[in-house]
Amino acid sequence: RNLAMGSGTGVTPYVAAGLLFANLDVLDHESTDFSIPFRLGSEFRFSQELRVTAELQFRVKDDFNDDISFVTGVNLPF
């Protein structure tokens with residue numbers, strides 16, 4: 001759902017869950033991992049050409065990565 005803030009600007013919040021499978025193979029050590037990342041984020045639209053995304057990820061039962069991470073990015077048209 002898009003929440004309008006003014007002329008051309010707005011915020012689109014989202015919640016998502018996924019399945020993450022990872023395989024680690026270094027020299028003689030091989031390991032696999034399965035986790036369920038939950039994501040909570042928003043896309044901030046400053047104009048039609050500029051959108052900034054911020055997301056907080058909670059990775060349940062992840063042995064390879066951190067349990068919590070913060071991700072940001074910019075979406076530009078091309």
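Phe44 is linked by a side chain to side chain contact (heavy atoms under 4.5 Å, CB included) to Val11, Ser42, Phe46, Ala54, counting only residues two or more places apart in sequence or in another chain. With sequence neighbours excluded, the residues forming a side chain to side chain contact (heavy atoms under 4.5 Å, CB included) with Leu40 are Val15, listed by chain and number. Remark: Leu27 pairs with no residue by the side chain to side chain contact (heavy atoms under 4.5 Å, CB included) rule, at least two apart or across chains.
To the nearest 0.5 Å, atom CD of residue Gln48 and atom OG1 of residue Thr9 are 10.5 Å apart. Distance check, rounded to the nearest 0.5 Å: CG of Leu20 to CG of Asp33 gives 7.0 Å. Residue Ile36 holds its CD1 atom at 6.0 Å from CZ of Phe38, rounded to the nearest 0.5 Å. Distance check: Leu24 CG to Ser31 OG gives 6.0 Å after rounding to the nearest 0.5 Å.
Smallest separation of non-hydrogen atoms from Leu19 and Pro37: N-CD, 4.2 Å.
For residues 15-30, no pair satisfies salt bridge (Lys or Arg N to Asp or Glu O under 4.0 Å), with sequence neighbours left out.
Hydrophobic cluster of Phe21: no remaining members, since no ILVMFWY side chain lies below 4.5 Å from it.
A 4.5 Å side-chain heavy-atom check between Phe58 and Arg39 finds every atom pair outside the cut-off.
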Pairs of donor and acceptor atoms involving the side chains of residues 68-78, under 3.5 Å and at least two apart or interchain, shall be tabulated with distances.
| unit_1 | atom_1 | unit_2 | atom_2 | d |
| --- | --- | --- | --- | --- |
| Ser69 | OG | Gln57 | OE1 | 3.3 |
| Ser69 | OG | Arg59 | NH2 | 3.3 |
| Asn75 | ND2 | Glu43 | OE2 | 2.9 |
| Asn75 | ND2 | Thr53 | OG1 | 3.4 |

